[in-house]
Amino acid sequence: MFKVGEYIICGSNGVCQVESIGPMKIPGVPKDRIFYTLAPVYSGCSAVYTPTDNQKIIMRPVLSKEEAWSLIEDIEEIGIYSDDEGKRRDEVFKDALRTCDCREWVKVINTLYLKKQSRIAQGKKEISSDEKFLQMAEENLYGELAIPLEMSKDKVEQFICEKIDALIEQETFI
């Protein structure tokens, strides 16, 4: 069970802070059922209510500072998705985003960032679905890393993009 004040990842709600834990005071909701009241950190939603025993939504603590730095150091090794996915590509990216796994988010970012840079170099436009998935993965990852690293999401994005660009320049990436 999480504690009040703790930052967690709560499914598609992203980073949330636990505001309270207890029964809901709403008619029809069993008094013996315990809920988290969560405050999403980055969305405009005012509160999220979810049972503490919810098995349908992934809920986990945000990474620790050490885990965040370790993830950043592993960006090159995490790699990319193969181009063999073909028509299943969108489904692969959707599934990766749903895992709430930072390593999967990094893999999506690596894959689509490299593809974006390649298309730009060829004078081509970016594919809109790729841009959508890239934005979602970045939003999830940078939002989570911002908490333990005590940086703004923009600073985290800048830092990660610089790291990926440096790896591309060194030709050691992927």
Side-chain angles (χ1 to χ4, degrees), residues 1-75 77-78 81 85 88-113 128-161 163:
M1 186 176 265
F2 302 111
K3 296 179 177 112
V4 172
E6 189 173 359
Y7 288 100
I8 68 169
I9 298 299
C10 180
S12 63
N13 295 297
V15 179
C16 295
Q17 188 171 29
V18 179
E19 286 189 332
S20 66
I21 304 168
M24 299 275 299
K25 296 175 180 133
I26 298 176
V29 177
K31 300 293 181 214
D32 61 340
R33 189 119 194 239
I34 306 299
F35 286 78
Y36 291 117
T37 301
L38 307 172
V41 174
Y42 301 111
S43 78
C45 184
S46 60
V48 173
Y49 304 96
T50 187
T52 58
D53 61 353
N54 190 335
Q55 299 298 310
K56 294 180 182 178
I57 297 176
I58 295 171
M59 289 189 285
R60 64 169 177 79
V62 297
L63 298 177
S64 68
K65 190 175 235 176
E66 295 77 25
E67 291 168 328
W69 284 117
S70 177
L71 179 74
I72 291 167
E73 289 303 315
D74 289 347
I75 285 175
E77 286 78 38
I78 292 171
Y81 288 102
E85 304 300 340
R88 270 197 21 78
R89 258 177 66 154
D90 284 2
E91 204 57 42
V92 167
F93 293 143
K94 284 179 193 173
D95 290 345
L97 291 167
R98 281 189 210 115
T99 66
C100 294
D101 181 333
C102 292
R103 295 183 73 81
E104 291 298 315
W105 295 340
V106 168
K107 200 169 186 179
V108 170
I109 292 167
N110 286 348
T111 303
L112 296 177
Y113 188 80
S128 63
S129 64
D130 286 356
E131 179 63 22
K132 179 183 80 172
F133 291 124
L134 178 60
Q135 281 182 322
M136 290 168 63
E138 288 177 328
E139 192 71 22
N140 291 339
L141 182 67
Y142 304 154
E144 179 165 359
L145 292 177
I147 300 297
L149 299 179
E150 299 172 358
M151 294 181 186
S152 69
K153 280 185 0 180
D154 292 340
K155 289 277 187 199
V156 172
E157 178 177 11
Q158 180 183 357
F159 181 74
I160 300 293
C161 288
K163 181 160 180 64

Interatomic spacing from [atom1] in [X] to [atom2] in [Y] - rounded to 0.5 Å:
X: Leu97; Y: Glu139; atom1: CG; atom2: CD; value: 11.5 Å
X: Trp105; Y: Met136; atom1: CH2; atom2: CE; value: 10.5 Å
X: Asp53; Y: Arg33; atom1: CG; atom2: CZ; value: 4.5 Å
X: Thr111; Y: Phe93; atom1: OG1; atom2: CZ; value: 5.5 Å
X: Ile8; Y: Leu38; atom1: CD1; atom2: CG; value: 4.5 Å
X: Arg98; Y: Glu104; atom1: CZ; atom2: CD; value: 13.0 Å

Got [X] and [Y] here, is their nearest side-chain heavy-atom distance under 4.5 Å?
X: Tyr113; Y: Cys161; answer: yes
X: Thr50; Y: Asn13; answer: no
X: Phe35; Y: Asn54; answer: no
X: Leu141; Y: Cys102; answer: yes
X: Ile9; Y: Ile58; answer: no
X: Ile26; Y: Tyr49; answer: no
X: Leu112; Y: Tyr81; answer: no
X: Glu131; Y: Gln135; answer: yes

Between [X] and [Y], which heavy-atom pair has the shortest distance, and what is it?
X: Ala68; Y: Pro148; result: CB-CG, 4.0 Å
X: Val108; Y: Ala96; result: CG2-CB, 3.7 Å
X: Pro40; Y: Cys16; result: CA-SG, 3.7 Å

* The single option from Arg60, Arg103, Lys153 passing salt bridge (Lys or Arg N to Asp or Glu O under 4.0 Å) against Glu144 -> Arg60
* Asked: After noting the C-alpha distance and the side-chain angles of Ile109 and Leu134, does the key distance pass the side-chain contact (heavy atoms from CB on, under 4.5 Å) rule?
  -> CA-CA 6 Å; Ile109 292 167; Leu134 178 60; 4.2 Å; yes
* In sequence, state the C-alpha distance, the side-chain angles, and the governing distance for Phe133 and Arg89, and then conclude on side-chain contact (heavy atoms from CB on, under 4.5 Å). => CA-CA 11 Å; Phe133 291 124; Arg89 258 177 66 154; over 6 Å; no
State whether the side chain of [X] and the backbone N or O of [Y] hold a donor-acceptor pair below 3.5 Å, judged by distance alone.
X: Tyr42; Y: Gly14; result: no
X: Gln17; Y: Gly5; result: yes
X: Asn140; Y: Cys100; result: no
X: Glu91; Y: Arg88; result: no

* Asked: Is there a side-chain contact (heavy atoms from CB on, under 4.5 Å) between Ser152 and Gln158 once you walk through the steps?
  -> CA-CA 10 Å; Ser152 69; Gln158 180 183 357; over 6 Å; no
* Asked: Quick one: side chain to side chain contact (heavy atoms under 4.5 Å, CB included) partners of Ile21, sequence neighbours excluded?
  ->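 With neighbours one apart ignored, the set is Met1, Val4, Val18, Ile34, Tyr36, Thr52.
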* Asked: Is the NZ atom of Lys31 crowded by more than 12 outside heavy atoms at less than 6.0 Å?
  ->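 Yes, because the 6.0 Å sphere around NZ of Lys31 holds more than 12 heavy atoms from other groups.
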* To do: Run the numbers on Val106 and Asp74 for side-chain contact (heavy atoms from CB on, under 4.5 Å), then give the verdict.
  => CA-CA 9 Å; Val106 168; Asp74 289 347; over 6 Å; no
